[in-house]
Amino acid sequence: MGMQSSFLLILFIVPAVLADLRVGFYKPACPDAESIIFQAVQKRFNKDKSVTAALLRMHFHDCFVRGCDASILIDSTTQNQAEKDSGPNQTVREYELIDEIKKALEAKCPSKVSCADIITVATRDAVVLAGGPNYTVPTGRRDGLVSRAGDVNLPGPQVDVSQAFQIFRAKGLTLEEMVILLGAHTVGVAHCSFFSERLQNDPSMDPKLAANLRNVCANPNTDPTVLLDQGTGFVVDNEFYKQLLLKRGVMRIDQELAMDSSTSGFVSRFARDGHGFKQRFGNAMVKMGSVGVLVGNDGEVRKNCRVLNPKNKPTVPSPPKKGKVSPPSKKAKNKKQKKPKSNGKKKKNTRAL
């Protein structure tokens with residue numbers, strides 16, 4: 001995460017949209033779509049297990065700005081600075097994986113599978129590969145036509161529980177759902193600059209963890225990353241909550257979940273109930289995936305996730321060709337026009353009265 005990147009996974013709930021999305025949307029037009037996506041994610045996961053955290057972050061950052069429309073994938077141009085080049089998105093990664101998946105899908109089913117659905121399905125697959133829930137993803141999203149860096153307004157890392165809940169509540173989420181969705185930090189990472197102030201005598205952090213992190217973050221010329229879950233940092237499970245109960249939360253907002261009286265009960269419950277956490281996490285991800293989606297004839301299905309489809313230029317009819325006029329021949333030029341012979345009679349006036 002960059003200096004201004006956000007860590008909060010802000011989600012909206014728009015239940016009505018789920019009626020426009022449906023499970024198995026691509027079966028008629030591209031039956032192998034989800035299989036193609038899974039194979040690519042699995043291949044990437046086998047090489048780098050941090051892909052789960054990367055895709056979760058991409059998915060959240062996309063959905064929070066203009067909804068889940070893959071606007072985060074669009075490249076900037078000389079005329080427009082796109083979302084991906086905003087401060088909070090500087091360290092979003094795995095764009096190349098999305099490109100790879102899109103290329104394979106275009107070869108199999110041209111212009112059928114949206115980039116927005118690729119992000120959503122790929123994130124689910126990465127969660128499953130990391131030991132998380134295999135939740136069912138409704139599909140049918142379309143890709144957005146707008147991507148502006150100025151639209152990216154994600155909260156910073158210093159908000160407290162009360163401030164965070166104001167944001168979640170404004171999107172229709174309960175306090176419990178906020179705690180569940182922040183549980184995605186079970187596979188997240190953070191740069192030292194995001195929590196360095198906690199490493200000096202902060203009573204809310206385990207002293208042994210603080211000492212270890214001071215060593216990791218010792219070099220002032222670098223800004224290393226550390227796992228947010230110090231127990232099982234590459235596994236989607238409830239260990240994150242167990243770590244919070246031991247004062248081993250790295251980010252301030254994470255640790256405050258276990259300390260604030262309004263959220264501590266949820267942390268304790270999910271620390272005890274791993275199965276319950278996974279089930280609720282899957283449900284919350286489905287809801288998050290319905291944020292501001294474009295369906296039907298809205299948006300488009302991009303052929304290249306990084307650029308909008310070329311616009312159809314209006315056809316301008318060509319002006320009619322002028323007939324070629326041959327110059328008069330010398331013979332015609334010199335030929336005198338004969339006058340009609342008069343019969344000596346006057347013509348009658350035929351003009352109407």
Side-chain angles (χ1 to χ4, degrees), residues 1-11 41 44-45 47-66 68-77 80-101 115-116 118-120 122-123 126-127 130 147-159 164 167 181-199 213 216-230 233-234 236 240 249-254 285 288 305-306:
M1 299 181 182
M3 287 297 294
Q4 297 182 21
S5 15
S6 85
F7 63 94
L8 283 180
L9 312 180
I10 309 302
L11 315 171
V41 175
R44 183 77 181 98
F45 180 84
K47 292 181 179 178
D48 181 4
K49 290 181 171 50
S50 72
V51 69
T52 303
L55 288 175
L56 277 166
R57 188 157 179 264
M58 177 189 286
H59 192 26
F60 288 132
H61 280 224
D62 180 49
C63 291
F64 182 56
V65 181
R66 306 192 67 85
C68 308
D69 66 349
S71 54
I72 196 172
L73 302 180
I74 296 176
D75 285 341
S76 294
T77 65
N80 177 63
Q81 186 181 32
E83 289 176 28
K84 66 166 54 173
D85 289 323
S86 66
N89 290 331
Q90 286 293 310
T91 54
V92 172
R93 58 187 178 87
E94 294 302 331
Y95 295 114
E96 293 76 13
L97 174 59
I98 303 300
D99 292 339
E100 178 187 337
I101 295 171
C115 301
I118 292 174
I119 294 175
T120 306
T123 301
V127 167
S147 180
R148 295 187 295 252
D151 292 338
V152 180
N153 184 24
L154 300 169
Q158 302 303 327
V159 295
I167 300 169
L181 291 166
L182 286 176
H185 289 177
T186 185
V187 289
V189 298
H191 283 273
C192 291
S193 56
F194 275 74
F195 56 84
S196 58
E197 80 285 351
R198 298 193 65 218
L199 303 182
L213 294 180
V216 175
C217 303
N219 189 339
N221 298 320
T222 62
D223 193 13
T225 60
V226 302
L227 293 170
L228 294 176
D229 178 349
Q230 293 289 303
F234 295 105
V236 177
F240 170 73
V250 175
M251 300 292 296
R252 181 177 298 280
I253 180 60
D254 290 346
M285 288 295 291
M288 189 276 292
C305 291
R306 293 175 177 265

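All residue numbers in this chain count up from 1 along the given sequence.
- Looking at Gln81 and Ser76, their side chains never bring a donor and an acceptor atom within 3.5 Å of each other.
- With His191 contributing its side chain and Thr225 its backbone, the two residues share no donor-acceptor pair below 3.5 Å.
- For Ala122, the side chain to side chain contact (heavy atoms under 4.5 Å, CB included) criterion is met by Ile37, Val41, Leu55, Ile101, not counting sequence neighbours.
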Any chance you could lay out the side chain to side chain donor-acceptor pair (under 3.5 Å) test for Arg93 and Ser50, step after step, and finish with the verdict? CA-CA 10 Å; Arg93 58 187 178 87; Ser50 72; 2.7 Å; yes

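- Across every non-hydrogen atom of Phe64 and Asn153, the tightest pair is CE2-O, 3.2 Å.
- Take Glu94 and apply the salt bridge (Lys or Arg N to Asp or Glu O under 4.0 Å) test, not counting sequence neighbours, and it matches Arg44.
- Separating the CD atom in Glu197 from the SG atom in Cys192 is a distance of 11.5 Å, to the nearest 0.5 Å.
- A distance of 12.5 Å separates CD1 in Ile119 from CZ in Phe60, rounded to the nearest 0.5 Å.
- When side chains are defined from C-beta on, Arg198 does not count as touching Leu213, because their heavy atoms never get closer than 4.5 Å.
- Taking OG of Ser86 as the start and NE2 of His61 as the end, the distance is 8.5 Å to the nearest 0.5 Å.
- Asn219 meets the side chain to side chain contact (heavy atoms under 4.5 Å, CB included) test with Asn221, Thr222; sequence neighbours excluded.
- Residues passing the side chain to side chain donor-acceptor pair (under 3.5 Å) test with Asp75 are Lys84, Arg306, sequence neighbours excluded.
- A pairwise comparison of heavy atoms in Ala70 and Ala116 identifies CB-N, 3.5 Å as the closest pair.
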Met58 and Ile98: CA distance, side-chain angles, deciding distance, side chain to side chain contact (heavy atoms under 4.5 Å, CB included) verdict: CA-CA 11 Å; Met58 177 189 286; Ile98 303 300; 4.0 Å; yes

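- In this structure, a donor-acceptor pair under 3.5 Å is present between the side chains of Arg57 and Thr91.
- Counting only distance, with no hydrogens or angles, the side chain of Thr52 and the backbone of Ala126 share a donor-acceptor pair below 3.5 Å.
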Evaluation steps, side chain to side chain contact (heavy atoms under 4.5 Å, CB included), between Leu97 and Val51: CA-CA 9 Å; Leu97 174 59; Val51 69; 3.9 Å; yes

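- Taking every heavy atom of both residues into account, Ser71 and Asp62 meet most closely at N-OD1, 3.1 Å.
- Residues Val65 and Asp151 approach most closely at CG1-O, 3.7 Å, considering heavy atoms.
- With a 4.5 Å cut-off on side-chain heavy atoms, Met285 and Leu56 count as touching.
- Here the CG atom belonging to Leu73 is positioned 7.0 Å from the OH atom belonging to Tyr95, to the nearest 0.5 angstrom.
- Checked against side chain to side chain contact (heavy atoms under 4.5 Å, CB included), Ser196 has no partners two or more places apart in sequence or in another chain.
- Partners of Thr120 according to the side chain to side chain contact (heavy atoms under 4.5 Å, CB included) rule, which considers only residues two or more places apart in sequence or in another chain, are His59, Val137, Arg141.
- For the atom pair Cys305 SG and Ile72 CD1, the distance stands at 12.5 Å (nearest 0.5 Å).
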Output, in order, the C-alpha distance, side-chain angles, deciding distance and verdict of side chain to side chain contact (heavy atoms under 4.5 Å, CB included) for Val226 and Val250. CA-CA 8 Å; Val226 302; Val250 175; 4.0 Å; yes

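- To the nearest 0.5 Å, the span separating CD on Glu83 from OG on Ser147 amounts to 4.0 Å.
- Cation-pi geometry between Lys49 and Phe45 is met: under 6.0 angstrom from the ring centre, within 45 degrees of the axis.
- Side chains of Phe195 and Arg252 form no contact here, defined as non-hydrogen atoms less than 4.5 Å apart.
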